[in-house]
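Take a look at the structure below.
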Amino acid sequence: MPPPAPEIKPAPGRPLMVLGLETSCDETAAAVVVRDAEGRGVIRSNVVRSQIEQHRPYLGVVPEIAARAHLELLPAIVAKALAEAEVTLGQIDAVAATAGPGLIGGLMVGLTMGKAIALGAGKPLVAVNHLEAHALTPGLTEGLSPPYLLLLVSGGHTQLLAVEDVGRYRRIATTIDDALGEAFDKTAKLLGLGFPGGPEVERLSRMGDPTRFRLPRPMLGRSEPHFSFAGLKTAVRQQASAAAPLSDQDAADLCAAFEAAVMESVSDRVKRGMALYEELLGEDAARMLVVAGGVAANQRLASALKSLAPSRGYRLSIPPIALCTDNGAMIAWAGAERLARGLTDGFDTAPRARWPLDSAATPVLGSGRLGAKA
Ligand code: KG4
Ligand code: ZN
């Protein structure tokens, strides 16, 4: 039996300093964030070490390699985060660690280390849902408070969520098959491009003609708000084999056609999601669209949403890309937001490969990679 974790409900208005650990996929990260007396966030340090080089030869993330790398890297990264923030463990108020969803080996490493640090320093533990950390990031980057509509697009997840409050999320839409980042990665793979595929597809598509190959627009006009990308990827494969052997220009044209189809489909789905969000929250539905996850780096996605949002009366927020992709600051911030509300966790908390933010949402066939993370 682990000893009980200290529980605290901080006095309102007291600044809180939290150490955050992130190990759910292929970034090993630690950060120190302060939530000040007014509830604003200040990043004191944010150390992220990508494992992309270790996974690149396999054209994807290998869970066993990821877990081992987290184990090797995390102690030095935590030490660096504390040193850069110029604080000691005695000065922090809590340790936050990602407890899910994600690759179970990495989660075990990060959560166990978070528990060990908290136990050794006599501090409370906050077991953070990685999706909640993405969802709350605009509070850290621009002081934005819920409610807002969140489009989360990463290698593991593609969701539209109504963020009603800290701890209150309603899933509006999800993918019925591949996540958007996964579709980019698979498209890159079948065109013989590198890993991760998103940036490669985006780079090539700038040189391509989006009209030469005709690809389907998945889910366009459907009343349910969900996403689907598997059919699009298959259509790219068929067009690619029909045109084989592919010249550089063929590959660029296919990338451009893929991106054009994705943007039309995503814009249509977000439009449908906006209507449902407004129905769900009624008068409380602030017209605010937030984008998070690695695919938020895509410039064509940003410009599609930049033109869609104002046309529906929405303001658009895309956090700086370093905070859209996986990082420790978002975990520390989510931890601080929970701690401020007295929400801490026991040392017996187990990591969870699957951990939906909206537990009431009905599962949809597929919904992204099995056991994958956002
Ligand atoms: O959130 P993230 O850093 O990691 C997880 O998936 O957890 O997202 C990575 C995903 C990958 O699938 C990558 O291909 C995609 O984001 N991505 C992009 C771009 N940059 C990264 N997709 C499209 N365009 C980009 N510029
Ligand atoms: Zn993520």
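Counting convention: from 1, in listed order, for ligands and their atoms alike. On a predicted model such as this, the values are computed, not experimentally measured, just so you know.
The contact set between ligand 1 and G181, taken as ligand atoms under 4.0 Å from a residue heavy atom, comprises 12 (O). Close approach to S154 involves these atoms of ligand 1, each under 4.0 Å from a residue heavy atom: 1 (O), 6 (O). Close approach to E202 involves these atoms of ligand 1, each under 4.0 Å from a residue heavy atom: 24 (N), 25 (C), 26 (N). Listed by number with element, the atoms of ligand 1 under 4.0 angstrom from any heavy atom of V295 are 15 (C), 16 (O), 18 (C), 22 (N), 23 (C). Listed by number with element, the atoms of ligand 1 under 4.0 Å from a non-hydrogen atom of G156 are 6 (O).
Ligand 1 has an N or O atom lying under 3.5 Å from an N or O atom of G198, backbone or side chain. Inclusion of H134 in the set of residues having an N or O under 3.5 Å from an N or O of ligand 1 is not warranted. Residue T325 places no N or O, backbone or side chain, under 3.5 Å from any N or O of ligand 1. Any N or O atom pair closer than 3.5 Å counts here, and G294 shares at least one such pair with ligand 1. Polar contact with ligand 1: absent for G293 (N/O pair, distance under 3.5 Å). The shortest N or O to N or O distance between N298 and ligand 1 is under 3.5 Å. Of the N or O atoms in P196, none lie within a sub-3.5 Å distance of an N or O in ligand 1.
Side chain to side chain, T88 and Q91 meet the donor-acceptor criterion of an N or O pair below 3.5 Å. Side-chain N/O atoms of D250 and S247 include a donor and acceptor closer than 3.5 Å. For Q54 and D26, the side-chain atoms include no donor-acceptor pair closer than 3.5 Å. In this structure, a donor-acceptor pair under 3.5 Å is present between the side chains of S317 and E142.
Of the possible polar contacts, one joining the N129 side chain to the W355 backbone as a donor-acceptor pair under 3.5 Å is found. At distances below 3.5 Å, at least one donor-acceptor pair connects side-chain atoms of E182 with backbone N or O atoms of A179. A donor-acceptor pair under 3.5 Å is formed between the side chain of R269 and the backbone N or O of R222.
Centred on the Zn ion (ligand 2), the angle running from H134 (NE2) to H130 (NE2) is recorded as 100°, rounding to 10°.
Tracing side-chain contacts under 4.5 Å through hydrophobic residues (I, L, V, M, F, W, Y), one never reaches L111 starting from L73; they form parts of separate clusters. Put simply, V48 and V61 are part of two different groups of oily side chains (I, L, V, M, F, W, Y) that touch within less than 4.5 Å, one to the next.
Nearest to atom 9 (C) of ligand 1 by heavy atom, out of G197, S24, G155, is G155.
Note: F229 and F184 fail the aromatic proximity criterion, with ring centroids not under 6.0 Å apart.
Residue contacts with ligand 1 for D185 involve side-chain atoms from C-beta outward but no N, CA, C or O (heavy atoms, distance under 4.0 Å).
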